[in-house]
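Have a look at the structure below before the remarks.
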2 protein chains.
Amino acid sequence: MSIEIPTQVVFYKIERAIKEYRKYAQKRISETVSDITVDQGLILLFLKHYPELSQKEIAALVFKDNASMTRMIDLMVKKQYLVRSTHSEDRRRYNIEITTKGKKILEKLPPVIMKNRTTALEGITEEEIDQVEKILDKIITNCTTNQ
Amino acid sequence: MSIEIPTQVVFYKIERAIKEYRKYAQKRISETVSDITVDQGLILLFLKHYPELSQKEIAALVFKDNASMTRMIDLMVKKQYLVRSTHSEDRRRYNIEITTKGKKILEKLPPVIMKNRTTALEGITEEEIDQVEKILDKIITNCTTNQ
DNA sequence: TGTATTTATTTGATATATCAAATATATTTG
DNA sequence: CAAATATATTTGATATATCAAATAAATACA
């Protein structure tokens, strides 16, 4: 059975696109904010919008494993972007709060992120983005329902 | 400055789509071939088509760092899927050959890979795939030229 | 030819990915 | 209520990601 080599397949291009975007975004972020990764920035953004999130919920939002999330948050606590405190209603989980240092980073992020998104999507119409999203949704559905 | 939260941005969906596909593909591959990852399979496929590839070239093809490639190939040599031998014309690099064990894996891969691709793309037309590729190309160009 | 520069690969350090097993607490059920 | 089950987080082991620096060989060039 003969198959196409990977370079000719759409998944190859999806992989490349997201990796190039991440590389580009990380570069721009590092120019403005020191010592923060794209994913750490995402975690801060999510926590700002939804302060009640548990580690597990954050992990799901950023597509990470719970074990990875433990370690990422460990690190962000060590870097003093976050603090953990015990949850009053459920002692298995934590409250995760953004520190002053974390908030300062959060102030610097939005303009960089906006610029990254705009630059990366230059020359692409709203309609095209909708098309892509619709098709990616189909892929997501196909991969998650045929488990 | 207020920005959209990540879930509402196309990059979030791209990331999710590729991760779900990888998870799905890995699951299917593991059912058929033991002890091989999607990326290791990709490396075997590329080497089969282009046996002269250097580590650096393979790394570029699968979007990895040279350092990662060294370690991945170390592992594949340890697992006896590949052997390294010195290159006659350039002693800095290696010839990388697929072993008999590696070839046996390569025989089992194509049907699984084809099935994965077909399943993941179910209900998506050729035309839609072309659209997605065209738009992803724009993103790739935007992120790589605006460095 | 000899030195400087470039190139392919490796190594070290640190972070993240993934799976399975362990802990501790909550919830369900007999 | 007690035992079984479920849930949130952690830990260990191993692989991969990323950057910078180190090695070793090839190439360019004075």
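The sequence lines fix the lettering, A, B, ..., with proteins before strands; numbering per chain opens at 1. Excluded from the calculations below are hydrogen atoms, water molecules and symmetry mates; all remaining heavy atoms, backbone and side chain alike, are included. Because the structure is predicted, anything quoted here is derived from the model rather than measured.
Note on residues 52-63 of chain B: no pairs pass salt bridge (Lys or Arg N to Asp or Glu O under 4.0 Å), not counting sequence neighbours. Residue pairs meeting the salt bridge (Lys or Arg N to Asp or Glu O under 4.0 Å) criterion with at least one member in residues 5-16 of chain B, sequence neighbours excluded, are A:R22-B:E15, A:D137-B:K13, B:E15-B:K19, B:R16-B:E20. Residue pairs meeting the salt bridge (Lys or Arg N to Asp or Glu O under 4.0 Å) criterion with at least one partner in residues 82-92 of chain B, sequence neighbours excluded, are B:D74-B:R84, B:D90-B:R92.
In this structure, the CZ atom of B:F63 is 17 Å from the C1' atom of D:dT18, given to the nearest Å. Per the geometry, CD belonging to B:Q26 stands 16 Å off P belonging to C:dA17, to the nearest Å. Summarising the geometry, the separation between CD on B:E89 and C1' on D:dT27 is reported as 15 Å, rounded to the nearest angstrom. Atom pair A:L82:CG and D:dT9:P shows a separation of 13 Å (rounding to whole Å applied).
To the nearest 0.5 Å, the span separating CD1 on B:I129 from CG on B:L136 amounts to 11.5 Å.
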Report, one line per pair, each donor and acceptor closer than 3.5 Å where one atom sits in a side chain of residues 100-111 of chain B; sequence neighbours left out.
from	atom 1	to	atom 2	distance (Å)
B:K101	NZ	B:K79	O	2.9

Where protein sits on nucleotides 8-16 of chain C, one letter per nucleotide: B base, S sugar-phosphate only, - none, heavy atoms under 4.0 Å: SBBBBB-SS
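For A:R91 and C:dA26, the shortest distance from a side-chain N or O to OP1 or OP2 is below 4.0 Å.
Partners of A:S34 under the side-chain contact (heavy atoms from CB on, under 4.5 Å) rule, at least two apart in sequence or in another chain, do not exist in this structure.
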